[in-house]
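As C-alpha cells, the structure follows; a few thoughts come after it.
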Amino acid sequence: MRFISRCWTILFALGLMSGAIVVPRQAVAQTRTFDQAGQSQVWGERNAEAAGYGGSYTNMTTPDPAITRGFSNGPTGTSALTAPPFIEAGPTKACDRDCGLHPYSSAENITGNYMENVDTTKFLASGGNYIYKNYFIGNNTWEGQWCDANGCYVLADWPLGTSTAMPDVASGGEASCLGCPIGSLSTIFEYMIPGGTVTWTPWCYTAVHNTVGGFISACGPNQNWDISYP
Amino acid sequence: MLRKCLSFKRVGLGLALLSIAGLFGSYAHAQTVSSPNMFRPHSLLSASPAEVGAYAVDYTSAHYPPLSGVPQPILVRSVAAAALPAIGLAKIGFAGEEPPLTLAIVHGDFDLRSGVRTRLDPATWHWRVGYIAYVFDLDAGVPTLMQTSQNGGDFRQALNDPNLPDDIPVVPPGFAHRQAVPMPAMAPPSSHDPYGSLAPPVAPRHP
C-alpha cells in the first residue's frame, strides 16, 4: 500500500510538472469586498473625501499577460462605488478584439447602460508607461484621455447624465474573468480632483479591492504602487 | 523505487490515470476562464454592408451570448468619428490616422456580463440589453466604440425612431456629493501618427 501511495505521489508530481494536471486558480484564498462582474480585480481605492471626485489621473505601465481571449486592463477612474455611473481609462490587452495592447476608456451612464472605446489605431509598448486621465467637461459629459511621448488624445466623451462628483476613485488592474491573469503593472503620481474644485490633488489608497488574492504593494511616497496577478 | 514504479504495467496504468487527471484538470481550468471565444477578426475593408452586418452579429454572439431569439443587424452605414455625436453616440478620438469606420447596430437579447470592462456589480446595471451599437474599424475588423441600450432609447437618433422607450435605471444613483467643476475638453491633435504605429512611452510626470 505504501509502495502504491509513493508511486501515485511520483506520478502526480510528474503530472503537475508536465502540466497535465492543472490546479484551478479559484483555489487561491480570496478577499472579495463585493461581487463586481466576476472578474479578477486588484486595485487600490479611496472614498475619504466627502465632496467626491471630479476626475482621476495616473501614470501606468502596460500589463501584458499571456492571454488569448478576454482582456486584461489597468483601469484608473472614478465611480459611484457600487452602482453606476463610472468612467475609467487605461491600457488594455484586448483579446476580445485583436489581442493587441491599446488604450481604452469605458463607462456606464446613470441609467446603467455600458459603453467602451478601444483606440485600435495605436499600439502600446508592453511594460511601457503612459498617462491616463478622466474628468468632467460639462454638459453632464465626462472625458477619458491618454498620453504618449508625442501628445495627449481623447479616448471618448461619455454622456454619463450627471455632473455630480463621484464618491470613489480607484487605480489598479482587472481581467475578464475570476482567476484570469491581470499581469503586472506599476502606477505612479496618482491624482484626483476633489468635487467642487479644479485642483489636481495627489492621493493614496485607503482600501484595497482584491477578488483573487493578487499582490498590491503599499502606497509609496510618489503615490505609487505595484499590482501583480500573473 | 522509481524503476519499480516505471515498470511496463504500472506505467501504462499510470499514463491512463494521468490522461483522466489531465482531462479533469483541463476541464477545471476551462471553468476558470471565459466561455471559449472562437471569433476570428479579419479586415472588412472590402466587405459589403450586408457582410458587415452579419459580421457584427457573429462578433456579438461570440462575446455577448444571445439569451433568446436570433440577433439581427438593424442598421449598417459608413460613418466618420466626427459625425457620431450628431446621431446621439459618444464622441471618440483616435491617436492614429482614422481608419474607415462603419456603424452597425444589432438588435436581440444579449448578456454583457462576461465580456465588458466594467467594475460594477451586475445587479446595478443593464447587463441584459436589446441593442448594441458598434463602430467597426474596418481595417482591423474589430469594434473601436461599443455602446449598449436596454430598450433602445439611447439610439433614437441613430435609428431615427422616436418611439424607442427610455432606459430606466436599475439602481437610482444615490450619491450626494459636490458638483464636479467642468474642465476644458482636450483639443483634437493637429496631426495623427500612422495607423497601427507603436505609441512611444512617456516618462512619468505630474499633471
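Every heavy atom of this structure was used, including side-chain atoms; hydrogens, water molecules and symmetry mates were not. For clarity, every value in this text was computed on a predicted model and none was experimentally measured. To find a chain, count down the sequence lines: A is the first, B the second, and so on, and within it residues start at 1.
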- Query: So which bits of residues 196-207 of chain B come within less than 4.5 Å of chain A, counting non-hydrogen atoms only?
  - Reply: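 Those residues of residues 196-207 of chain B which have a heavy atom under 4.5 Å from chain A are B:Gly196, B:Ser197, B:Leu198, B:Ala199, B:Pro200, B:Pro201, B:Val202, B:Ala203, B:Pro204, B:Arg205, B:His206, B:Pro207.
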Check whether [X] gets within reach of chain B through its side chain, its backbone, both or neither, counting any heavy atom under 4.5 Å.
X: A:Asn109; value: side chain
X: A:Glu190; value: neither
X: A:Ser163; value: both
X: A:Thr62; value: neither
X: A:Tyr114; value: both
X: A:Asn59; value: side chain
X: A:Asn129; value: both

- Query: Between A:Arg97 and B:Tyr59, does a side-chain contact (heavy atoms from CB on, under 4.5 Å) hold up when you go through it step by step?
  - Reply: CA-CA 9 Å; A:Arg97 286 172 169 79; B:Tyr59 181 88; 3.9 Å; yes
So, [X] side chain and [Y] main chain: donor-acceptor pair closer than 3.5 Å or not?
X: B:Thr144; Y: A:Val118; value: yes
X: A:Thr121; Y: B:Gly96; value: yes
X: A:Glu116; Y: B:Thr118; value: no
X: A:Glu108; Y: B:Trp125; value: no
X: A:Tyr135; Y: B:Pro184; value: yes

Name the region of [X], side chain, backbone, both or neither, that has any atom closer than 4.5 Å to a heavy atom of chain A.
X: B:Pro143; result: both
X: B:Asp167; result: both
X: B:Tyr134; result: neither

- Those residues of residues 100-107 of chain A, ordered by number, that approach chain B below 4.5 Å (heavy atom to heavy atom):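 The list, in residue order, reads A:Tyr104, A:Ser106.
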- Message: Return the CZ to CG distance between A:Phe123 and B:Asp193, rounded to the nearest 0.5 Å.
- Response: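 The CG atom of B:Asp193 is 13.5 Å from CZ of A:Phe123, to the nearest 0.5 Å.
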- Output the distance between atom CG (A:Asn113) and atom OG1 (B:Thr148), rounded to the nearest 0.5 Å.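 Going from CG on A:Asn113 over to OG1 on B:Thr148, the span is 4.5 Å.
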- Message: For A:Thr82 versus B:Thr124, what's the shortest heavy-atom pair and its separation?
- Response: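 Of all heavy-atom pairs spanning A:Thr82 and B:Thr124, the closest is O-CG2, 3.0 Å.
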- Task: Could you pull out the closest heavy-atom pair between B:Gly115 and A:Phe71, with the gap in Å?
- Result: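 Minimum heavy-atom contact is O-CE2, 3.7 Å.
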